[in-house]
Amino acid sequence: MSFRLRAAHIDDLEHLYEMAKLTGGGFTNLPADKAALTKKLERADEAFSRTGDELGDDVFTLVLENTETKQVRGTCQLFSQVGQQWPFYSYRLNTLTQHSQELDRTVRAELLSLVTDLEGSSEVGGLFLHPGERAGGLGLLLARSRYLFIAMHRARFADRILAELRGVIDDRGGSPFWDGVAGRFFGMTFQEADYFNATNGNQFIADLMPKHPVYVEMLSDEARKVIGVPHPTGRAAMRMLENEGFAYEGYVDIFDGGPTMTARTDQVKSIRDARPANVVATDLDIGERALVASGHLDTFRSAYGMREMVEGGGIAIDEICARTLGVEPGDTVWSVAR
Ligand SMILES: CC(C)(COP(=O)(O)OP(=O)(O)OC[C@H]1O[C@@H](n2cnc3c(N)ncnc32)[C@H](O)[C@@H]1OP(=O)(O)O)[C@@H](O)C(=O)NCCC(=O)NCCSC(=O)CCC(=O)O
């Protein structure tokens, strides 16, 4: 069975919708709403067909396809530059230390400040693998293929990159962070806000959000405990980001308190290590296990395969990988060790 990543098209709507229904909510980039998903696919179409090679406001959606059944089993997204249409708000966790000589006491307070520091960064997100395909390495193929895509179209991406992990949601589908912070100003439950957010975007949150710093000490225990903590199902995603060199630097989602992970784009491991090479053979029997990608924008494809780098900038790959990607000797592929 072989799988490949490819650009998503409008006719993937049903596939994406079926997967979106499995996310269980709170998954902003993959709402179970056909109109919102259609907009996303149209936006991807525009991004894949834009010919300029400079930083724009692109949103690319990729899908993971079983090459035999043509079933779509996973998806992921790339945003070239956040905060272009609307401000990109985050809460930043700051520390304020004060000292009283009379009391001989030092008091440290943590504050959540509303910032737009991350504006202009690129973002990876919308990572979702069908539950039936998990724990077999396909999650890594999905996530890391995006870094090959960035390496291959580097001028279209910013120098900083981020990923937002979903925050903690309780048994009733509520968010302790929402209840303790923003919810108090909105008169809406997290579920109502989540639905509105999925279908209308999150500008309303930024509009009504308290603009002054919030003292963490004044929040409920429940809200405090989940600041910067990912939803348990996001642990695999967080591990993969950490392995690539992303780190949590105190930025959290203003909505659910989930951690925002950041990195310098050129320091992301799979971007740094990705190499272009000219295909010299497509019949390699045994080689190093790798992720291999081909094409440009709309024709981008990536898959697992075997490689052997040869002198003079050449690469030999195995037959299945070559077929999955549709490459022949003379083509250029980008690859990174698995
Ligand atoms: C995230 C994925 C796609 C990951 O797929 P798989 O579960 O098959 O992952 P995998 O390939 O088996 O494992 C990937 C790595 O995570 C580790 N891993 C797996 N489960 C773990 C757990 N519970 N806690 C800690 N680490 C864990 C594995 O050891 C491996 O790391 P080693 O190689 O070190 O052993 C999936 O779990 C999924 O669809 N989850 C539900 C949706 C979701 O939460 N999506 C992320 C949303 S957040 C988002 O979209 C932004 C982030 C982003 O886009 O990257």
Side-chain angles (χ1 to χ4, degrees), residues 1 3 5 8 15-16 18-32 37 40 44 59-66 72-80 82 88 90 118 121-150 157 160-169 175 194 197-198 202 228-249 251-253 255-263 265 268-271 273 289-291 302-304 336-338:
M1 207 165 20
F3 286 88
L5 265 283
H15 296 134
L16 284 188
E18 287 309 314
M19 279 194 292
K21 285 198 290 193
L22 300 172
T23 62
F27 206 92
T28 322
N29 289 327
L30 198 63
L37 288 173
K40 189 162 279 288
V59 183
F60 299 100
T61 300
L62 299 172
V63 291
L64 177 76
E65 174 183 76
N66 178 321
V72 169
R73 302 296 273 172
T75 182
C76 59
Q77 296 167 30
L78 294 128
F79 301 74
S80 67
V82 301
F88 186 85
S90 319
L118 301 179
S121 305
S122 295
E123 179 179 355
V124 286
L127 182 66
F128 188 82
L129 179 62
H130 191 284
E133 307 287 357
R134 297 216 183 131
L138 288 174
L140 272 169
L141 176 65
L142 262 174
R144 296 184 66 200
S145 291
R146 298 175 300 186
Y147 306 128
L148 280 176
F149 186 90
I150 293 173
F157 292 90
R160 176 147 68 170
I161 185 160
L162 66 89
E164 295 188 299
L165 292 165
R166 255 196 308 179
V168 173
I169 294 171
S175 156
D194 185 37
N197 180 35
N202 63 4
V229 178
H231 188 277
T233 60
R235 288 204 197 111
M238 188 165 188
R239 170 72 63 86
M240 290 192 279
L241 290 164
E242 285 170 346
N243 289 347
E244 290 289 340
F246 283 76
Y248 167 57
E249 305 273 15
Y251 289 102
V252 303
D253 187 86
F255 189 56
D256 64 13
T260 301
M261 310 281 289
T262 57
T265 307
V268 172
K269 199 166 174 292
S270 297
I271 296 176
D273 296 346
R289 297 190 326 147
L291 261 87
S302 76
Y304 280 136
V336 64
R338 192 162 165 181

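We count ligands from 1, going down the list as the structure has it; atoms in each ligand are counted the same way.
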Atoms in ligand 1 with a heavy atom of [X] nearer than 4.0 Å:
{"X": "Leu241", "answer": "52 (C), 55 (O)"}
{"X": "Leu140", "answer": "11 (O), 33 (O)"}
{"X": "Gly125", "answer": "50 (O), 51 (C), 54 (O)"}
{"X": "Ala237", "answer": "46 (C)"}
{"X": "Leu165", "answer": "48 (S)"}
{"X": "Thr233", "answer": "44 (O)"}
{"X": "Asn243", "answer": "34 (O)"}

Which is it for [X] and ligand 1 at heavy atoms under 4.0 Å: side chain, backbone, both or neither?
{"X": "Glu164", "value": "backbone"}
{"X": "Thr23", "value": "neither"}
{"X": "Arg134", "value": "both"}
{"X": "Leu142", "value": "neither"}

So, do [X] and [Y] sit near enough that their side-chain heavy atoms are less than 4.5 Å apart?
{"X": "Thr260", "Y": "Tyr248", "result": "no"}
{"X": "Leu127", "Y": "Asn29", "result": "no"}
{"X": "Val336", "Y": "Tyr147", "result": "no"}
{"X": "Thr61", "Y": "Lys40", "result": "yes"}
{"X": "Pro131", "Y": "Leu22", "result": "yes"}
{"X": "Leu138", "Y": "Phe3", "result": "yes"}

Subject >> Ring-face cation contact, Tyr304 with Arg338, 6.0 Å cut, 45° max >> reply: yes
**OP:** Report yes or no: is the cationic atom of Arg134 (NZ for Lys, CZ for Arg) under 6.0 Å from the centre of the six-membered ring of Phe128, at an angle within 45° of the ring normal?
**Re:** yes
Subject >> Closest to atom 53 (C) of ligand 1 (judged by heavy-atom distance), picking from Arg146, Met240, Met261, Met238 >> reply: Arg146
Original post:
For ligand 1, is there an N or O atom under 3.5 Å from any N or O atom of Gly126?
Top reply: yes
Subject >> Check: Ala135 N/O within less than 3.5 Å of ligand 1 N/O >> reply: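 The answer is yes, given that Ala135 and ligand 1 share an N or O pair closer than 3.5 Å.
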How far is [atom] from the closest protein heavy atom, and which atom is that?
{"atom": "atom 9 (O) of ligand 1", "value": "Gly139 CA, 4.2 Å"}
{"atom": "atom 35 (O) of ligand 1", "value": "Arg239 NH1, 4.8 Å"}
{"atom": "atom 50 (O) of ligand 1", "value": "Leu127 N, 3.1 Å"}
{"atom": "atom 47 (C) of ligand 1", "value": "Phe27 CE1, 3.6 Å"}
{"atom": "atom 19 (C) of ligand 1", "value": "Ala236 CB, 3.4 Å"}
{"atom": "atom 22 (C) of ligand 1", "value": "Arg235 CB, 3.9 Å"}
{"atom": "atom 3 (C) of ligand 1", "value": "Leu129 CB, 3.7 Å"}

Original post:
Ignoring hydrogens and geometry, is there a side-chain-to-backbone donor-acceptor pair from Arg73 to Val63 under 3.5 Å?
Top reply: no
**OP:** Please confirm whether Gly137 comes under 4.0 Å of ligand 1, counting heavy atoms of the residue only.
**Re:** yes
Original post:
Will you find, in the side chains of Arg166 and Thr233, an N or O donor that is under 3.5 Å from an N or O acceptor?
Top reply: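 On atom types as modelled, these side chains qualify, holding a pair under 3.5 Å.
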Original post:
Which pair of non-hydrogen atoms, one from Leu291 and one from Ser145, has the smallest distance, and what is that distance?
Top reply: CD2-N, 3.8 Å
**OP:** Might you point out which heavy atoms bring Ile271 and Thr265 nearest each other, and give the distance in Å?
**Re:** CD1-O, 3.5 Å
**OP:** List for me each residue that meets salt bridge (charged side-chain N to carboxylate O under 4.0 Å, His left out) alongside Arg144, sequence neighbours excluded, and say none if there are none.
**Re:**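 For Arg144, the residues satisfying salt bridge (charged side-chain N to carboxylate O under 4.0 Å, His left out) (neighbours in sequence not counted) are Glu244.
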Subject >> side-chain hydrogen bond (donor to acceptor under 3.5 Å, both in side chains) partners for Glu164, two or more places apart >> reply: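 Expected list: none.
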**OP:** Would you confirm whether any non-hydrogen atom of the protein falls under 4.0 Å from atom 28 (C) of ligand 1?
**Re:** no
Subject >> Protein non-hydrogen atom below 4.0 angstrom of atom 13 (O) of ligand 1 present >> reply: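 No, there is none.
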